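The structure appears below as structure tokens.
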Number of protein chains: 2
Amino acid sequence: MIATPRRFVKRPLIPLTSVQVARNRVTLADVARSAGVSTTAASFVLSGRGAEMRISPDAEARVLRAAQETGYRPNIVSRSLRTGTSRTIGFVSDTVATTPFAGHLIWGALDAARDREHLLFIGETEGDQELETQLIEAMHDRGVDGIVFASMYTRELDLPAGLTHRPAVLLNAVPTQPVAITCVVPDEFEAGRSAVNALLRAGHRERIAIIGAAPPDDTPEGSLAAVQRLDGIVQAMAEAGVELADAVPCPDWQPDIGYEATRLLMQRTRPSGIVCFNDRLALGAYQAIAEAGLTVPGDVSVVSFDDDLLATWLRPHLTTVALPHYELGREAITALLDAPQSPSGGAPGPTIRRIPMPLRERDSVQQLRAPRPSRPSRRPLTPR
Amino acid sequence: MIATPRRFVKRPLIPLTSVQVARNRVTLADVARSAGVSTTAASFVLSGRGAEMRISPDAEARVLRAAQETGYRPNIVSRSLRTGTSRTIGFVSDTVATTPFAGHLIWGALDAARDREHLLFIGETEGDQELETQLIEAMHDRGVDGIVFASMYTRELDLPAGLTHRPAVLLNAVPTQPVAITCVVPDEFEAGRSAVNALLRAGHRERIAIIGAAPPDDTPEGSLAAVQRLDGIVQAMAEAGVELADAVPCPDWQPDIGYEATRLLMQRTRPSGIVCFNDRLALGAYQAIAEAGLTVPGDVSVVSFDDDLLATWLRPHLTTVALPHYELGREAITALLDAPQSPSGGAPGPTIRRIPMPLRERDSVQQLRAPRPSRPSRRPLTPR
DNA sequence: TTGTAGGCGTTATCAC
DNA sequence: GTGATAACGCCTACAA
């Protein structure tokens, strides 16, 4: 009665409903029966606590074998009902489609989730506040262990209802309210410094211009990226003792706007180096520069932000400061799963984790003269 | 004992585990208690079958009000355990990140799912067969109602294990095996016809060349899109009685390849119209044409496929046949949810739903002379 | 060392 | 017309 693995023996007849779902999965009870032990024993063995519970090695082996042979997989739905944990995370963002970035954000999140044996629900809100709440509720209805709430461009946002009750992480965003929540954002300020520094290091000092925003604070509405990139640029230039030659603010960062802005720039200051606030603007800049009969980087050097796919499609390849979307996605999931259970675990404000934005040096910056002996870089002393 | 809504009355003390999850949701029992009826009655009312079960109007009203007031939301996990349906769908694709298209595919799927009150699990396989199986199993462990298995470019694929047991739909792919499964794919063949026809309609007849594949069958490995676009192009030209002037096959459809291919073309045949097999190739073509001191569309007209974001970034805007990613995503979910329950519901082979690829006419095609009086277009008589 | 039993929240059966 | 009651699959306190 012990040795013979009797699979699928008389399962109790269940009253079939008119439309009965096919349930042909192997259950824990099946495994236990097949191994000749109780479901309790089987449960302990399969959760790795067989030794702890002092199950006999023989019984343990039988359970393991039975599970193997029957291809048993635990039903996470029922486990979730019992334990309240579903190995499932909700990923809600304002956009998954319009920007190619979204893919990498999700990619990183998926990878991190997979490492921890979690699955991801995806939801898109298109910025609709009611939809945000609905999605978050729908996910909680399905027992998610936590939610990552993501924005596609770095910004401040009002925390949607339902996020605060259970574990949550903000991705690419910080809350307007002073709530205790973990935020994962790219380090846009350092990125601003990196971008101009690429130009400064190559010897550009005279005619550096920027496209996308203008000091002190002419930036696209609500874009934290714009503000912080600008801050970084301004600070790095001040440190180097270099004047900003020109700046064209842009309401929207699209190629045609970059094109017009650059035409304006070429008439006004004819810069030798341009920092574009993203790669699309840079595409427009390339077009305008070519149209003026000039070349990149021979006549004009161009640096940019984002490291869009576009950056390596352009000729010459564009030097740009990358948004580390993959890392951002990863970090958000990691932070969520590693978070202490209590949301009230510390200071009464957000915990902000800044992810570095690496400079991708390519072919759009002209080396003007031998690099100056680098003096020890003076990093800012004031906290941001 | 009836009228007073007593919420949160003595819930039975449950033995707390060491780490007990906070369960502060309102349950059906809470609602029933609050309305002074049994959970059965409450269940029937809330599932809209109150009348059918002849619940008194008064009781029904009380239940509805109690649910409203307490903000009751059904726990889908437990419902799923009981009924086997989770209002959840798995979306597994080989890539969500590398191509911007993926976003629109997912977008359409999300929208369709939301219309039907379903949530989407997302998974990425990177083409790894073991990962495919793991993901599909992980989703079934969580009780998904079905799975959409998506490819990012149209192709044939081996059906991964675990897909056939429960409802599934193939997106952007057809199975190599003759299994009964619904497939949703873009109509690449008609797209091929549309592309050349845009050129032919504009009066181009002499020097039409193509970049990306060459007749009869020099196409990138495994790409159904390449084969079918080529077929469509060849057929449309044959119908119009026009010879193909030149063709450059490309192993990979990237900008630099398009650039080189176009340079070759300009030396060899100096075409007046080029059909590029995707927009990235077209970007390369633009670059090569400009470098040769020629203009689009003045000297060379360009048509393409995909309607990448790129298409409207280029100057002039690119005429291209769009991949309807949003529609594809929508259709896959719709097909999945509308599918008859039995997988063995018909012919022993895939059911293929072809989604039209619309031509986006923009500024890269030059009208050569007044359009010829269109003779009735001879559509193919042979089935594909 | 192993098994029994109860409960997670819902739905469905079947007596009253 | 309504309300116990059982069951979905899993986990675990507790009894044996």
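All chains are named by letter (A, B, ...) in the order of the sequence lines, taking the proteins before the strands, and each is independently numbered beginning at 1. Model, not experiment: these values are computed from the prediction.
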As a test of reading the structure: which of D:dC10, D:dT2, C:dG9 is closest to the side chain of B:N75, going by heavy atoms?
C:dG9
Nearest whole angstrom, please: distance from the C1' of C:dA12 to the CG of B:L46.
16 Å
Considering just the side-chain nitrogens and oxygens of B:S43, establish if one lies under 4.0 Å of OP1 or OP2 belonging to C:dT11.
yes
With sequence neighbours left out, write down each residue that passes ring-ring contact (aromatic ring centres under 6.0 Å, His included) with B:Y72, or none if nothing qualifies.
none
With a 4.0 Å cutoff (strictly under), does any side-chain N or O of A:S78 reach OP1 or OP2 of D:dC11?
no
B:I55 near the nucleic acid: base, sugar-phosphate alone, or nothing, with a heavy-atom cut-off under 4.0 Å?
sugar-phosphate
B:R62 has an atom CZ; how far is it from atom P of D:dG1, in whole Å?
16 Å
Can you find a donor-acceptor N/O pair under 3.5 angstrom joining the side chain of A:R54 to the base of C:dT1?
no
List in chain and number order the residues that pass side chain to side chain donor-acceptor pair (under 3.5 Å) with A:R330, two or more places apart in sequence or in another chain; answer none if no residue qualifies.
A:D115, A:Y326
Axis deviation across the helix from C:dT1-D:dA16 to C:dC16-D:dG1, five-pair ends, to the nearest 10°:
60°
Of the candidate nucleotides D:dG9, C:dT1, C:dT4, which contains the atom at the shortest distance from the side chain of A:T27?
D:dG9
Side chain to side chain donor-acceptor pair (under 3.5 Å) against B:T176, all qualifying residues, sequence neighbours excluded:
B:D158
Nearest whole Å is fine: how far is C:dT2 P from A:D58 CG?
9 Å
Would you mind reading off the distance between A:R25 atom CZ and D:dA7 atom P, rounded to a whole angstrom?
21 Å
For B:T40, report the nucleic acid contact type (base, sugar-phosphate, nothing); a contact means any heavy atom under 4.0 Å.
base
Taking for B:F44 and for B:Y72 the nucleotide of DNA chain C with the nearest heavy atom, the one nearer the 5' end belongs to B:Y72
Residues passing the side chain to side chain donor-acceptor pair (under 3.5 Å) test with A:E124, sequence neighbours excluded, are B:W107
Rounded to the Å, how far apart are A:L28 CG and D:dC11 C1'?
9 Å
Please tell me if B:R49 has a side-chain N or O lying less than 4.0 Å from either OP1 or OP2 of C:dA12.
yes
Output yes when B:R116 and B:D338 qualify as a salt bridge under the 4.0 Å nitrogen-oxygen rule, no when they do not.
yes
Assess the pair B:F91 and B:F121: is the distance between their ring centroids shorter than 6.0 Å?
no
For D:dC11, does the base pair up with any side-chain atom of A:R82 as donor and acceptor (N or O, under 3.5 Å, distance only)?
yes
If I take atom CG in residue B:D30 and atom C1' in nucleotide C:dC8, what distance separates them, rounded to the nearest angstrom?
13 Å
With sugar-phosphate meaning primed atoms plus P, OP1 and OP2, does A:V37 contact a base, only sugar-phosphate, or nothing at under 4.0 Å between heavy atoms?
sugar-phosphate
Phosphate OP1/OP2 of C:dG9: any B:R79 side-chain N/O under 4.0 Å:
no
Inter- and intrachain pairs under ring-ring contact (aromatic ring centres under 6.0 Å, His included), touching residues 36-67 of chain B, at least two apart
none
